[in-house]
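What follows is a short report on a single structure.
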Amino acid sequence: MMDTEESYESYLCLDQLLSLQQPSSSGRASGQTVLSEQFFIVCHQTCELWLKQVLADLSAVMEAFSTMRPTDLEHAVALLHRAGELLRLLHEQLIVLERLPFEDFAAFRPFLGSASGAQSPQFHQLERLIGNAVRTGTLYMEFARGAERAGSTVDTIVEAGPEAGVEHRIVEGLLDLGNGYTRWKVGHVALTSRMLGDSPGTGGSAGVAYLMDHATLPFAELRLLRGKSHQRIAETHSGASTAFHAGLP
């Protein structure tokens, strides 16, 4: 039995957490600018916390792919949907960031030095997991390997559709995750364009142009297979419609 009860503040380490916002413009800019920089810091720190959870969830998803047991896969479906919802939160956080006054951002931006969101290790880890239009991510590769070990392929799973059961729901979860990821990245492009115009990024990147180049749809293999399934179903129904009308008097 514990000697003392855990309090809300101690459990969440609130003293430490709420002391981590240290605006660099403090004492060197107006109070309004310092407050805006604090808002900027809180948004980005929150983003990193949610990224931590997304990465943990996707790591557990890949563990499920290593076994391909139905119960593990059902759990993976739930985690994929949760990760997708967290990406939606990250996108909505960009909308909140639009409430950052342009003048204040321009005033405290010099104090950021070369610091840039493009330097986030967690963001790059997520990029490697999800992949993009030209590079297959680890998440998809692990799913494909798991399907092969289970005596199937991603092609047959996509072609079977709902008849593939939980594996079909995994495909749907991956596509939803990919769409959420793309919405987040496109939202980042829009926000950056609004705040910076065509100025270069703080980390030395080309700014908006750099972000545009990286805002591509992941899971290209799944999208290609989904396109083939769409065509096959459309042709089947087209043939059935032709036969039906041919039988009319």
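In what follows, every heavy atom counts, from backbone to side chain, and hydrogens, waters and symmetry copies are set aside. Computed from a prediction, not measured in an experiment: that's the story for all the values here.
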Check whether [X] reaches the backbone of [Y] with its side chain - one donor and one acceptor, N or O, closer than 3.5 Å.
X: T156; Y: S152; value: no
X: E74; Y: R69; value: no
X: Q21; Y: L17; value: yes
X: S26; Y: P23; value: no
X: R223; Y: L217; value: no
X: R28; Y: F111; value: no
X: S193; Y: V189; value: no
X: H44; Y: F40; value: yes
X: Q119; Y: S114; value: yes
X: E48; Y: Q122; value: no

Check against side chain to side chain contact (heavy atoms under 4.5 Å, CB included), M62 and T138: CA-CA 9 Å; M62 288 192 293; T138 310; 3.8 Å; yes
Working for side chain to side chain contact (heavy atoms under 4.5 Å, CB included), residues F39 and V96: CA-CA 10 Å; F39 168 65; V96 173; 3.8 Å; yes
Close side-chain approach of [X] to [Y], heavy-atom, < 4.5 Å:
X: L80; Y: L174; answer: yes
X: Q53; Y: R82; answer: yes
X: Q93; Y: C47; answer: yes
X: R135; Y: P218; answer: no
X: E167; Y: M68; answer: yes
X: L58; Y: L79; answer: no
X: L126; Y: W184; answer: yes

Look up atom [atom1] in [X] and atom [atom2] in [Y], then write down how far apart they are to the nearest 0.5 Å.
X: T46; Y: I41; atom1: OG1; atom2: CD1; answer: 11.5 Å
X: D155; Y: K228; atom1: CG; atom2: NZ; answer: 7.0 Å
X: S25; Y: Q38; atom1: OG; atom2: CD; answer: 10.0 Å
X: S36; Y: L100; atom1: OG; atom2: CG; answer: 5.5 Å
X: H81; Y: L86; atom1: NE2; atom2: CG; answer: 13.0 Å
X: I170; Y: L177; atom1: CD1; atom2: CG; answer: 11.0 Å

Restricting to non-hydrogen atoms, name the atom on [X] and the atom on [Y] that form the minimum distance, rounded to 0.1 Å.
X: A147; Y: I157; answer: CB-CD1, 4.0 Å
X: S120; Y: L51; answer: OG-CD1, 4.4 Å
X: A106; Y: P110; answer: O-CD, 3.3 Å
X: A220; Y: A133; answer: CB-O, 3.8 Å

Side chain to side chain contact (heavy atoms under 4.5 Å, CB included), paired with L94, selected from K185, R183, H188: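 Only match with L94 under side chain to side chain contact (heavy atoms under 4.5 Å, CB included): H188.
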Set of residues satisfying side chain to side chain donor-acceptor pair (under 3.5 Å) with respect to S59, sequence neighbours excluded: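 So S59 forms no side chain to side chain donor-acceptor pair (under 3.5 Å) with any residue.
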Side chain to side chain donor-acceptor pair (under 3.5 Å) involving T67 - partner list, sequence neighbours excluded: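 Testing T67 for side chain to side chain donor-acceptor pair (under 3.5 Å), a comparison that skips the adjacent residues, returns D72.
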Applying a strict under-4.5 Å side-chain criterion to I, L, V, M, F, W and Y, I'd like to know whether [X] and [Y] cluster together.
X: I95; Y: V186; answer: no
X: L112; Y: V34; answer: no
X: M141; Y: Y181; answer: no
X: F123; Y: V42; answer: no

Aromatic ring pairing F105/F108, orientation class (parallel under 30°, perpendicular over 60°, tilted between):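 Aromatic pair F105/F108 classed perpendicular.
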ring-ring contact (aromatic ring centres under 6.0 Å, His included): pairs with one or both residues in residues 85-104, sequence neighbours excluded: none
Selection residues 134-164 - residue pairs positive for ring-ring contact (aromatic ring centres under 6.0 Å, His included), sequence neighbours left out: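 Sorted result for residues 134-164: F65-F143.
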Flag if over 12 foreign heavy atoms under 6.0 Å of CD, E92: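 Yes - once you tally the heavy atoms of other residues, nucleotides and ligands closer than 6.0 Å, there are more than 12.
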Counterpart residues, salt bridge (charged side-chain N to carboxylate O under 4.0 Å, His left out), relative to D104 (two or more places apart): none
Qualifying residues under salt bridge (charged side-chain N to carboxylate O under 4.0 Å, His left out), relative to E85, sequence neighbours excluded: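 Applying salt bridge (charged side-chain N to carboxylate O under 4.0 Å, His left out) to E85 gives R88.
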No-hydrogen, no-angle side-chain donor-acceptor test under 3.5 Å, T136 and E221: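 Short answer, yes.
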T153 versus E148, side-chain donor and acceptor atoms under 3.5 Å: no
Salt bridge present between E172 and R226 (N-O < 4.0 angstrom): yes
Under-4.0 Å salt bridge between E37 and R109: no
